[in-house]
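A short worksheet on the structure shown next.
Atoms within each ligand, like the ligands themselves, are counted from 1 in listed order.
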Amino acid sequence: MIKLIWAMDKNNLIGKENKIPWHYKKDLQYFKNHTQNQDVLMGKNTYLSLKTYYKDRPLPFKKIYVASNTLNDNNEYVLVKDLTNFLQNYPKEKDLFVCGGSMIYEKALEYADYLYVTKINEEYDGDAYFPYYDENNYNLIKQNDIDVLSFCVYERKKK
Ligand SMILES: NC(=O)c1ccc[n+]([C@@H]2O[C@H](COP(=O)([O-])OP(=O)(O)OC[C@H]3O[C@@H](n4cnc5c(N)ncnc54)[C@H](OP(=O)(O)O)[C@@H]3O)[C@@H](O)[C@H]2O)c1
């Protein structure tokens with residue numbers, strides 16, 4: 001199952017200068033609860049951003065797939081050069097959390113079985129946006145509202 005996880009503001013903004021523009025402890029905890037010790041996929045920019053955030057600490061995932069055509073191999077991650085092929089052939093019985101950023105969400109959306117989106121009822125400044133998607137293709141299966149945060153889970157409608 002391919003699961004996209006992200007947080008966005010009212011305008012679908014997700015990032016600024018390769019960082020997250022806000023700091024909500026509850027959302028960080030939510031992200032951690034879902035992705036810790038899980039297999040994750042992210043783009044080069046998000047990976048480098050997380051490395052800055054974690055400094056010398058190891059990233060808390062099981063297996064990390066990093067999409068890039070410029071990074072070198074590294075024993076921390078598995079390099080994904082052909083993202084379409086990777087997503088098309090990802091085993092259905094295994095869970096993969098797609099953790100961004102914009103470019104990777106855009107490619108992964110059509111393969112997404114579940115969307116874990118934290119909607120932030122605020123407006124921020126930034127430069128990276130979640131790509132357009134049609135919520136009508138999904139059923140809302142969970143929603144938990146805490147202050148300005150709305151933690152939503154959507155499941156793709158069966159065809
Ligand atoms: N709010 C949230 O939940 C959230 C979550 C994650 C990230 N973000 C934010 O999103 C922003 C980063 O997004 P971004 O779009 O700039 O970067 P990104 O998606 O993290 O990474 C982009 C890089 O991925 C590689 N890539 C893209 N398409 C590929 C493909 N088809 N095949 C192989 N590699 C591919 C390329 O690396 P090469 O140039 O090396 O080829 C590209 O430069 C940051 O501001 C970050 O903080 C927000």
Query raised in the report: Near Gly43, which atoms of ligand 1 are under 4.0 Å from a heavy atom of that residue?
Result: 18 (P), 20 (O), 21 (O), 24 (O)
Query raised in the report: Are Asp95 and Lys3 close enough for a salt bridge, meaning some N to O gap below 4.0 Å?
Result: yes
Query raised in the report: Does ligand 1 have any atom that is closer than 4.0 Å to a heavy atom of Val80?
Result: yes
Query - Atoms in ligand 1 flagged as close to Trp6, the criterion being non-hydrogen separation under 4.0 Å - result: 3 (O)
Query raised in the report: Does the N or O separation between Thr70 and ligand 1 drop below 3.5 Å for any pair?
Result: yes
Query raised in the report: Does an N or O anywhere in Asp127 fall below 3.5 Å from an N or O of ligand 1?
Result: no
Query raised in the report: Does Ile5, backbone or side chain, put an N or O under 3.5 Å from an N or O of ligand 1?
Result: no
Query raised in the report: Looking at Gly100, which atoms of ligand 1 are within less than 4.0 Å of one of its heavy atoms?
Result: 6 (C), 20 (O)
Report task. May I ask you to check whether Leu71 has an N/O atom sitting below 3.5 Å from an N/O atom of ligand 1? Result -> no
Query - Any N or O of Glu17 closer than 3.5 Å to N or O of ligand 1 - result: no
Query raised in the report: Is there a nitrogen or oxygen of Lys107 sitting under 3.5 Å from a nitrogen or oxygen of ligand 1?
Result: no
Query raised in the report: Any idea which atoms of ligand 1 are less than 4.0 Å away from a heavy-atom of Lys19?
Result: 45 (O), 47 (O)
Report task. Please confirm whether Lys16 comes under 4.0 Å of ligand 1, counting heavy atoms of the residue only. Result -> yes
Query raised in the report: How does Tyr47 reach ligand 1, if at all, at less than 4.0 Å between non-hydrogen atoms: by side chain, backbone, both, or neither?
Result: neither
Requested in this report: Check if Met42 has a non-hydrogen atom at a distance under 4.0 Å from any atom of ligand 1.
Outcome: no
